[in-house]
Every structure is written in structure tokens, then in C-alpha cells.
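Comments concern the structure below.
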2 protein chains.
Amino acid sequence: MHRTVPGFALPYAEPAAARDPAAHECLHCAVRHLAICSALACDEVQALERVTTSLSYAAGATLVRTGEARQAVYTVTSGALRLVRTLADGRRQVVGFVLPGDYVGLSESEKYRNDIEAIADSRVCRVSVAHMRQLRTQYPQLERKLLQRACLELDAAQDAALSLARLQPMEKLADFLLKLAARTAGQGDPGNTVTLMMGRGDIADHLGLTMETVSRTFTKLRQQGLIALPQLHVVEIRDFAALHRLASDDT
Amino acid sequence: MHRTVPGFALPYAEPAAARDPAAHECLHCAVRHLAICSALACDEVQALERVTTSLSYAAGATLVRTGEARQAVYTVTSGALRLVRTLADGRRQVVGFVLPGDYVGLSESEKYRNDIEAIADSRVCRVSVAHMRQLRTQYPQLERKLLQRACLELDAAQDAALSLARLQPMEKLADFLLKLAARTAGQGDPGNTVTLMMGRGDIADHLGLTMETVSRTFTKLRQQGLIALPQLHVVEIRDFAALHRLASDDT
DNA sequence: CGAAGTGTTGAAAGTGTTCAAACGTGGTGG
DNA sequence: CCACCACGTTTGAACACTTTCAACACTTCG
């Protein structure tokens, strides 16, 4: 039917999203403590739930396209998305990866500023910007939470800028893997194993490299014993300290 | 006494900041309509004014250092600052330039995440984070304004990421000049003349290039007639369209 | 007028990219 | 069950580009 691994089923056009009628259970949502919903009390969450639509997307599906009117915001509950900006000549930049609990909608633009695509079978909660605006004024805690999120993302964006501008491929990849490990962690994982939802090309377009360089860098890290690659999409971190040193991660 | 042009007087240590006792006139502040203060009514601004300290810094002065406890937020009223992150081996990234009306303080970190330095003689309004926190809860409009700012900066940060990761030197510089022109505009300027408060090295470290490449790129743009350089720190834009085309600026 | 700080320009070198081909894995169908 | 095909990934070699290193020009300041 549809794949779980990254890939493009039928690039554009297709059923796209499937409504998920039975999924309206915010109170028992697995990612509630991670998402912006954590700012709301039980009864308040229900107000949010009333204006939320739960949707499923197959890997490779496109949620929104750059330039379309910005009509809704999203919270991912499972799977993963990528935010992609593409230049006329095909050069691509993966602005970010969106993991369960993450929120997409911190923008002041009238239009979407990048494509949003599912890199794995995903479920998302969709709320219209109009409803969101209303909820924000109604619940100041929500607005505060959004500001907090925005500041965190801003901090992360500055890190990313340093990485893109000044780090070498090895350092970029080390930094990327550590950041991903930190985000993925807290799920009972031992923490030293990271699953890459995205392909090499996505990593390349995220770090400002080519797929070939990313591949070569992976093998270099493996040869030096900093990581192991039990599977294509699984990285086992064998030397956190060395990786941190590479990434100049002083946190 | 102190210079108006970029430069490092006495790198570290020195009187640093000079208090400006007579400057407490938020109501008549030239940048009030630009700054976050625009969210507050006249009487509310006075509450802000009561906890604000106006400070002057000479070009080259350092306001805060990376790693120091994040004690205050700033709004620039005149001059310009740069946000700088430096790696152990000296690689430098100018995360951003702060112009009059801009706000520095959108962060969730306990510590400053970059150095803040004056690139010209500057005046800033300083508010402690504690006071700011209090004001935010007291005036929801302020919080909303901050969120708006954060979202705008987030949008800008994504643009910057694309620029750093995928644009070529010519394109990066074109993009930079246009963004700067857009920010500087609205001050009665004809709009086709941009004053560069920062040196070539700062531009280089902002765009992920070397100073030499920036210099070469400036001359290339000049030779092609897209810009003129009447002075070292003044750029006259002669062909907006071509510059936009270079920067792939579809806005 | 000389010195220092900046910026410009030139030639050499290093590094990631490009282009091309081989590899491996997963899914399909015989 | 196995061969085969497709896709993503890996690897190799030539290339293009920015960087590096060095020398020179310009402006400001002492």
C-alpha cells in the first residue's frame, strides 16, 4: 500500500491526506507533553480539540506548497516532515525536520514560505490559522508557549547558521547527529542509537552539502570508530565525546 | 575620543558603557514606532521607561560575552550592533546585525549565546530580564509583539539558511544588500543608497565567506554595473531588478 | 610624514563538487 | 525460492571553486 521508509510514491497528485475520524483523543495523545498542548489544562485542550483535524499522510506526500495561502498550522503526532525551499534552478534547502511534538506555524507570512512534505508515514493535527488566532487570545499561556517555542527555534536557527557557514563536512554531520540524538532521546532509547527518517539527499540539503559528500563523511566517521551504521537509516553513536569535540558543541 | 567608523579601539577592557541620564524620553524616542515599544500605549510606555537604562557604547565596545548569564535585553536606538559567535580555532560567524528599532533578547537560554558588540557608536535601551518578564505578563500586547518579532526573525533565519547553504558569493552579496536596503529604507532615503555600518570582514563572516571573496564580489558587482561604490561604506544600487534576479528573491 | 588598520588584487593550493559507474537492498514476478 | 529490476547509496577521478597566502593600495590618525 504505502511505504514506511523514505521515498516518493507518486510524486505529486494523489489522495494526499486521509482524515482520521477516530483519532480525536488529545487528552491521551502520546505527544501531548511534548507539543504546545502542554500549555493547556485538560478542559482547555478540549477547546483545541474541537477545532483540530487529525490527518494522515503517506511518505512522500506534500502537505503544503511554497506560495500557497497560509491557512493552517500543524503539530506532528507521529512520523516526520521536512520543510523544503527550492530555487528556480533546482538547488534545494531543507530548512528543518519536523518530529513528533513539533509545531509548524511560527511565521508572520501570509503565504507558506516552504514546501512541507512527509518523509515517513505521518499523522498530524491541523488547525486553521483563524482558529489558532482565536485560541491564542483566549489562552495567554498558549501564546506564551508559542513565544517560548519561537525563541528555542531562533536559538537553534543561529546554531544552524554557524554550522552551515563555518563547519566542515565532518563537523556538520557530527553536529547534526548529536542534535538529532538529543531530540530523539527521552523515548526510552538508550540514547546512543539514532534512526534517520530522512535520506542522504535530505541530510545533504539540510547541511549545505551534496549527497556524495554526506555519504563519504558517514564512511569516514565509521572508519574512525565514532559511529557505526548497522543499517542505512540507523546510526549507532560509539564516541559521544569525540563527536562533541568535532561539533565544537560547548553546551 | 571614540570613532564613528567600525574598528576596535582597545579590544577588551575599558570604560565600556556610559550611562545617559538625560535620554529618558521614550515618548519622543525616534525609533519608538519601530521598536517593540510600539505595542504599548503612552502611559504603558512609562512603566517600561521606569525600568529602562539608556546606555552609550563606542564603536568596537563589547556589550556582553558568550556564556555570561543572560541578565538583560536590549533595544537599539542608534548605531548598530553585531551578534558574533566564535569557535575555539577562531572561525567566526556574525549571526546578525542589530539596527535601530531592533530587539535583542529573544532567547530561552540562561546564558548569552553570542557576543554582542557595537560596530558603530551606539545607544541602547537596557532592561533586565526580570523586569521584562514582569512587563510581559502585565501587558499581553507586549508578549504578542514579541511573538510577532520572533516569527519575523524565524522567517528571516530560514532565508539566511538558504543563503548560507546554497547561494554563490555573488548571490549572497546581492541578497544581503537588498535585505539591508529594505531594512534601512523608510528613512526618507531614496532607497537606492545603502550605508554599510560593518566592515568587509563582518560581511564575510555573516555570509560564510572570506573577506577577500567579499571584496572580489563587490568589485564584480561594480564592474557589471549592478552597484556603485562612491565610498567604502556606501553602496549605491543601480540595478534592483538584476540584483533581485541574482538573489532569487521572489518576494 | 610615517604608522596602523582596512581593503583590494594576484597566484597557488586545498576542498567539495561534479560526473560517472558500481554496489547493495528491497520488492516483484516468474 | 530465486532472478531481476529499481532505487538509494557508495565510491572513484577530474574539475571548478573558494580559500589561503602574500603583496600592494588607501585612508585615517598620531
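A note on names: the letters A, B, ... follow the listed sequences, proteins ahead of strands, and every chain is numbered from 1. Just so you know, these numbers use all the heavy atoms, side chains as well, and skip hydrogens, waters and symmetry mates.
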Rounded interatomic separation in angstrom, taking [atom1] from [X] and [atom2] from [N]:
| X | N | atom1 | atom2 | answer |
| --- | --- | --- | --- | --- |
| B:Met211 | C:dT6 | CE | P | 8 Å |
| A:Arg222 | D:dT9 | CZ | C1' | 12 Å |
| A:Gln168 | C:dT17 | CD | P | 12 Å |
| A:Arg216 | C:dA20 | CZ | C1' | 12 Å |
| A:Leu167 | C:dT15 | CG | P | 16 Å |
| B:Glu212 | D:dA23 | CD | P | 14 Å |
| B:Asp202 | C:dG7 | CG | P | 8 Å |
| B:Arg166 | D:dC17 | CZ | C1' | 15 Å |

Distance below 4.0 Å between [X] side-chain N/O and [N] OP1 or OP2:
| X | N | result |
| --- | --- | --- |
| B:Thr210 | D:dT20 | no |
| A:Arg200 | D:dT10 | yes |
| A:Thr213 | C:dT17 | yes |

Nucleotide nearest A:Thr219 when distance is taken to its side chain, options C:dG7, D:dT10, C:dT17 =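 The listed nucleotide nearest to A:Thr219's side chain is D:dT10.
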Counting only heavy atoms not in B:Arg238, do more than 12 fall under 6.0 Å of its CZ?
->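 Open: at most 12 neighbouring heavy atoms sit under 6.0 Å from CZ of B:Arg238.
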Charged N to carboxylate O under 4.0 angstrom, B:Arg91 versus A:Glu171?
->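 The answer is yes: the pair qualifies as a salt bridge.
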Comparing A:Lys220 and B:Ser215 on DNA chain C - which has the more 5′ nearest nucleotide | B:Ser215
Would you mind telling me which of A:Asp202, A:Asn114, A:Asp205 makes a side chain to side chain donor-acceptor pair (under 3.5 Å) with A:Arg82?
-> A:Asp202
Which atoms form the tightest heavy-atom contact between B:Ala80 and B:Leu99, and what is the distance?
->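 For B:Ala80 versus B:Leu99, the nearest heavy atoms are CB-CD2, 3.9 Å.
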